[in-house]
Undergrad: 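Sharing a structure, written as structure tokens. Questions coming.
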Amino acid sequence: MVKSAMGGGSFLYPILGFASILVFLYMSFGDLLTVNYKNEGTILSFVERNGTNFVVDGKLFYVNGWNSYWFMDHAAADHNRPRIREMLQAAAKMGLTVCRTWAFNDGSHYNALQTAPGQFDERVFKALDYVIAEARQVGIRLLFSLVNNLQAYGGKTQYVKWAWDEGVGLSASNDSFFFDPSIRLYFKNYVKTVLTRKNTITGVVYRDDPTIFGWELINEPRCITDTSGDTLQDWIEEMSSFVKSIDRKHMLTIGLEGFYGPNSPKKDTVNPEFWAADLGADFIRNSAPATVDFASVHIYPDHWFKKKTFEGKLMFVAKWMRSHIEDGDQVLKKPVMFTEFGLSDLNKGFDPLQRDRFYKTVFDVIYESAKKKGAGGGSFAWQYFVEGMDEYNDDFGIVPWKRASTYEIITQHTCRLAKVHGTIASQHDNLKHLCNQQ
């Protein structure tokens with residue numbers, strides 16, 4: 001069988017000899033044949049806060065960013081990893097600088113990072129290592145969110161279930177995530193494990209890695225069982241202090257949607273509707289602690305309004321953004337980041353041109369802030385992905401280079417920001433080509 005398959009025994013020996021040479025070369029020089037993450041890639045500095053601005057290498061830094069929440073989950077399978085590289089490389093060519101993504105996946109489901117309190121799947125942790133290493137290669141920084149208020153990818157629901165199953169939970173309410181001492185300890189253990197993780201590819205501990213832009217405590221926190229906001233505020237103050245006790249090099253944000261609480265004078269004039277003041281969160285109060293470096297806001301006008309016209313939604317977006325930037329400049333004295341903005345393609349009569357106009361509205365307000373050296377520190381589109389990833393898409397996601405007009409709006413924003421305050425080191429080569437074309 002072997003002889004006929006190989007076309008004769010005499011042909012087998014040269015192949016074996018050649019294979020032996022390949023094995024010898026790999027064993028001797030294998031490290032040279034693969035990417036050396038420890039020695040290659042853009043050299044990054046930590047992004048810092050100076051009053052109401054972000055600063056890197058002494059320059060003001062305004063972010064044109066995006067969300068790809070799926071990075072770690074997708075990287076857990078080796079055959080999917082080229083898509084992470086493709087997305088990061090394409091983003092770098094567009095002049096994008098920061099990607100917001102999940103550093104959590106809790107529960108017993110596939111690709112969970114934390115499978116039980118304090119128990120981690122090393123295969124998935126190595127996927128997160130890979131994401132950081134690849135981002136560093138192209139000079140992209142990462143904003144890592146640490147838990148979800150929503151049920152997707154486990155979230156606070158999973159933490160409550162763990163405590164309940166172990167017989168230590170105080171309540172079956174999802175909001176017990178914020179006040180149950182056992183659950184607070186679960187979350188602290190998780191945070192400490194992530195922040196002190198040593199990357200198996202780069203050899204850099206996460207808390208020492210400037211590839212990480214910063215940490216986000218929780219995606220879209222709400223505590224509707226305590227509309228006074230006291231429960232959530234207490235949790236924010238404890239957890240932000242805990243993060244800072246471990247990592248003083250990175251900035252920290254909460255992950256808020258930006259709603260004004262029941263005691264805020266803006267609850268009636270700026271909030272989208274009456275319900276927004278009764279979610280147990282308050283933008284000003286939650287963002288005020290000294291342990292919180294920058295504020296975060298989301299923008300979803302078509303989820304927040306059912307009857308407003310498209311033109312009315314665009315007017316709201318500009319007012320919503322300017323109000324929060326004003327808060328950053330005058331009240332909080334710290335930067336404000338719009339860490340999610342999206343427009344659904346499920347809206348009746350949706351036209352991609354509407355999304356273009358929505359993006360441009362967001363970008364124009366950020367540019368307006370940048371020209372004044374204001375607190376509007378940047379924006380992150382929800383969400384970008386590459387071709388062949390429909391299972392990760394929702395009604396907000398786009399492949400940014402598939403529609404020429406959308407791509408142009410995104411890259412024009414990059415170049416406008418660069419003209420105002422110059423480019424940071426990791427952008428130089430890409431923007432030299434990109435912005436000379438515009």
Side-chain angles (χ1 to χ4, degrees), residues 42 44-49 53-56 61-73 75 84 87-88 91-92 94-105 113 128-129 131-136 138-149 153 191 194-195 197 199 204 206-221 236 239-240 243-244 246-247 249-258 287 291-299 328 334-342 362 366 375-385 417 424 426-427:
T42 303
L44 299 176
S45 303
F46 283 94
V47 180
E48 299 172 321
R49 170 193 154 202
N53 299 122
F54 296 122
V55 179
V56 61
F61 180 38
Y62 285 82
V63 175
N64 188 7
W66 85 102
N67 285 268
S68 285
Y69 76 91
W70 45 269
F71 272 0
M72 180 181 72
D73 181 52
I84 286 90
M87 184 69 251
L88 287 167
M94 295 165 67
L96 306 186
T97 49
V98 185
C99 175
R100 177 173 174 263
T101 190
W102 294 169
F104 63 82
N105 192 354
L113 174 59
L128 193 58
D129 294 344
V131 170
I132 296 170
E134 283 293 322
R136 179 189 173 198
V138 295
I140 296 285
R141 291 175 171 86
L142 302 166
L143 174 57
F144 278 138
S145 188
L146 295 169
V147 70
N148 206 351
N149 188 78
Y153 290 82
V191 168
V194 172
L195 270 57
R197 163 80 174 182
N199 193 310
V204 181
Y206 285 14
R207 65 182 173 186
D208 298 326
D209 195 337
T211 311
I212 298 171
F213 177 89
W215 306 106
E216 178 184 279
L217 279 180
I218 179 171
N219 175 52
E220 298 187 342
I236 287 171
M239 294 305 165
S240 60
V243 169
K244 289 296 185 179
I246 299 171
D247 181 0
K249 295 180 180 178
H250 289 105
M251 295 180 295
L252 177 71
T253 193
I254 306 302
L256 298 168
E257 294 164 278
S287 304
T291 46
V292 177
D293 296 291
F294 64 95
S296 46
V297 184
H298 291 180
I299 313 172
K334 59 183 69 174
V336 178
M337 291 268 265
F338 299 88
T339 49
E340 287 188 25
F341 67 90
V362 172
I366 295 297
S379 59
F380 295 69
W382 182 278
Q383 60 155 326
Y384 296 164
F385 61 103
L417 292 178
I424 60 174
S426 59
Q427 286 182 301

Undergrad: Please identify each residue that fulfils side chain to side chain donor-acceptor pair (under 3.5 Å) with T211, with sequence neighbours left out.
TA: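 Residues passing side chain to side chain donor-acceptor pair (under 3.5 Å) with T211: D209.
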
Undergrad: If you compare all heavy atoms of S240 against all heavy atoms of L217, which two are closest, and at what distance to 0.1 Å?
TA: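 S240 and L217 have their closest heavy atoms at N-CD1, 4.0 Å.
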
Undergrad: Suppose we screen for side chain to side chain contact (heavy atoms under 4.5 Å, CB included). Which residues come up paired with T339, at least two apart in sequence or across chains?
TA: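 T339 satisfies side chain to side chain contact (heavy atoms under 4.5 Å, CB included) with R100, L143, E216, S296, H298, M337, F380 only.
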
Undergrad: Side chain to side chain donor-acceptor pair (under 3.5 Å) with T101: which residues, sequence neighbours excluded?
TA: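 Residues passing side chain to side chain donor-acceptor pair (under 3.5 Å) with T101: none at all.
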
Undergrad: Among all residues two or more places apart in sequence or in another chain, which pass the ring-ring contact (aromatic ring centres under 6.0 Å, His included) test with F294?
TA: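 Residues passing ring-ring contact (aromatic ring centres under 6.0 Å, His included) with F294: F54, F213.
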
Undergrad: I'd like to know if the side chain of Q427 and the backbone of G95 have a donor-acceptor N/O pair within less than 3.5 Å.
TA: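 Present.
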
Undergrad: Output all residues satisfying side chain to side chain donor-acceptor pair (under 3.5 Å) with N149, sequence neighbours left out; order by chain, then residue number.
TA: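 Partners of N149 under the side chain to side chain donor-acceptor pair (under 3.5 Å) test: K156.
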
Undergrad: Return the minimal non-hydrogen interatomic distance between S145 and I218, and the atom names on each side.
TA: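 Answer, listing the atom of S145 first, then I218: OG-C, 4.2 Å.
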
Undergrad: Looking at every non-hydrogen atom in both residues, tell me the closest pair between Q383 and W70 and how far apart they are.
TA: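 For Q383 and W70, the tightest heavy-atom pair comes out as OE1-CD1, 3.6 Å.
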
Undergrad: What verdict does the side chain to side chain contact (heavy atoms under 4.5 Å, CB included) test give for N64 and M94, after you've listed the backbone C-alpha separation in whole Å, the side-chain angles of each residue and the deciding distance to 0.1 Å?
TA: CA-CA 9 Å; N64 188 7; M94 295 165 67; over 6 Å; no

Undergrad: Going by the rule side chain to side chain contact (heavy atoms under 4.5 Å, CB included), which residues pair with S45 if we only count those two or more places apart in sequence or in a different chain?
TA: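 Partners of S45 by the side chain to side chain contact (heavy atoms under 4.5 Å, CB included) criterion, ordered by chain and then number, come out as V56, D57.
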
Undergrad: Between K249 and D208, is there a side-chain N and carboxylate O pair less than 4.0 Å apart?
TA: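 Between D208 and K249 there is a salt bridge, with a charged N closer than 4.0 Å to a carboxylate O.
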
Undergrad: Kindly give the heavy-atom pair with the smallest separation between G258 and V297, and that separation in Å.
TA: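 The pair with the smallest heavy-atom distance is CA-CG1, 4.1 Å.
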
Undergrad: Apply side chain to side chain contact (heavy atoms under 4.5 Å, CB included) to residues Y153 and N105 and explain how you reach the verdict.
TA: CA-CA 5 Å; Y153 290 82; N105 192 354; 3.4 Å; yes

Undergrad: Is K244 reaching over with its side chain to a backbone N or O of H250, donor-acceptor style, under 3.5 angstrom?
TA: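 Yes; at least one donor-acceptor contact below 3.5 Å.
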
Undergrad: So which atom in R49 and which in D293 form the shortest heavy-atom distance, rounded to 0.1 Å?
TA: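 That closest heavy-atom pairing would be CD-O, 3.1 Å.
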
Undergrad: Would you name the heavy atoms of K334 and V292 that are closest together and state the gap between them?
TA: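 Looks like NZ-O, 2.6 Å.
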
